Amino acid sequence: MIDQVFGELDFDGFYWNGHINLDFFGEERQLNLIVDSSFGEQTEVSELQHAAYHSFLEKWPGLQEAVMQEVIRYYNEEERFAYGPDDPEEFAAWWPEIETVEEMRKWVTLEMVALPSDGIMRNVYDGKRCLYLLFSRDWAEDPNNNGVGIQLLDEEIAGIGYQSIAF
């Protein structure tokens with residue numbers, strides 16, 4: 001399917017999948033894009049999904065700093081030192097000191113933008129625009145590839161956790 005907002009999207013029975021180019025602190029990145037079809041029940045991308053994506057793109061230049069500050073907060077307050085090897089030196093290597101956006105950009109990679117289904121936005125989030133940013137991370141070991149996920153509601157940070165926050 002070719003969508004005028006998202007471009008070329010392939011349908012896998014559950015999601016429309018595509019790619020977007022997004023500026024991330026002055027560096028253009030190609031990211032994966034997924035748009036939930038509510039188990040194939042939605043036959044096209046909804047107006048609310050279009051609005052969430054369009055509003056996100058408009059506000060993204062001003063959101064980047066806040067998003068990265070939230071990743072830093074999450075790392076230092078919730079993830080750091082939560083688990084790891086018994087050896088003190090190895091443990092210290094798992095959990096580097098990360099205090100600035102510049103330092104954090106070395107440890108995370110923005111990989112995906114995900115939009116929930118129209119039904120979830122309308123019924124769970126009371127019609128608010130919802131979008132997820134999914135990052136891989138390089139601190140500690142991540143055997144489940146859970147990375148970091150940030151939920152935006154009406155382009156404001158509403159939640160952070162593992163990438164599974166989006167699914």
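On a predicted model such as this, the values are computed, not experimentally measured, just so you know.
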Verify the neighbour count for atom CD of Gln30: are there more than 12 heavy atoms of other residues, nucleotides or ligands below 6.0 Å? yes
Distance-only, no hydrogens or angles: does the Trp60 side chain make a donor-acceptor pair with backbone N or O of Asp23 under 3.5 Å? yes
Flag, side chain of Asp154 to backbone of Arg129, donor-acceptor distance under 3.5 Å: yes
Could you go through the side-chain contact (heavy atoms from CB on, under 4.5 Å) check for Lys59 and Leu152 one step at a time? CA-CA 11 Å; Lys59 295 182 180 174; Leu152 300 175; over 6 Å; no
Mind checking salt bridge (charged side-chain N to carboxylate O under 4.0 Å, His left out) for Glu103 and listing every partner two or more places apart, or none if nothing turns up? none
Hey, does the side chain of Gln49 reach the backbone of Pro116 with a donor-acceptor pair shorter than 3.5 angstrom? yes
With under 30° as parallel and over 60° as perpendicular, where do the rings of Tyr83 and Trp95 fit, or are they tilted in between? perpendicular
Is there a donor-acceptor pair under 3.5 Å between the side chain of Glu111 and the backbone N or O of Leu134? no
For residues Ala52 and Leu131, report the shortest heavy-atom separation together with the two atoms involved. O-CD1, 4.2 Å
Taking the side chain from Ser164 and the backbone from Phe167, do they hold a donor-acceptor pair closer than 3.5 Å? no
If the condition is side chain to side chain contact (heavy atoms under 4.5 Å, CB included), which residues does Pro85 pass it with, not counting sequence neighbours? Glu90, Phe91, Trp94
Non-hydrogen side-chain atoms of Tyr132 and Gln163 separated by less than 4.5 Å: no
Would you check if the side chain of Asn21 reaches a backbone N or O of Glu28 as a donor-acceptor pair within less than 3.5 Å? no
Give the intermediate values and the outcome of side-chain contact (heavy atoms from CB on, under 4.5 Å) for residues Phe14 and Asp36. CA-CA 6 Å; Phe14 298 100; Asp36 189 348; 5.7 Å; no
Ignoring hydrogens and geometry, is there a side-chain-to-backbone donor-acceptor pair from Thr109 to Phe135 under 3.5 Å? no
Please name the residue in the list Tyr53, Phe6, Phe11 that meets the ring-ring contact (aromatic ring centres under 6.0 Å, His included) test with Trp16. Phe11
Can you check whether His50's main-chain N or O pairs, donor with acceptor, with His54's side chain at less than 3.5 Å? no
For the student: nearest non-hydrogen atoms of Ile72 and Val101, plus distance: CD1-N, 3.5 Å
Validation row, ring centre Trp139 to ring centre Tyr75 under 6.0 Å: yes
For the pair Arg73 and Glu78, find out whether any cationic side-chain nitrogen is under 4.0 Å from an anionic carboxylate oxygen. yes
Side chain to side chain contact (heavy atoms under 4.5 Å, CB included) against Leu153, all qualifying residues, sequence neighbours excluded: Tyr125, Lys128, Cys130, Gln151, Ala158
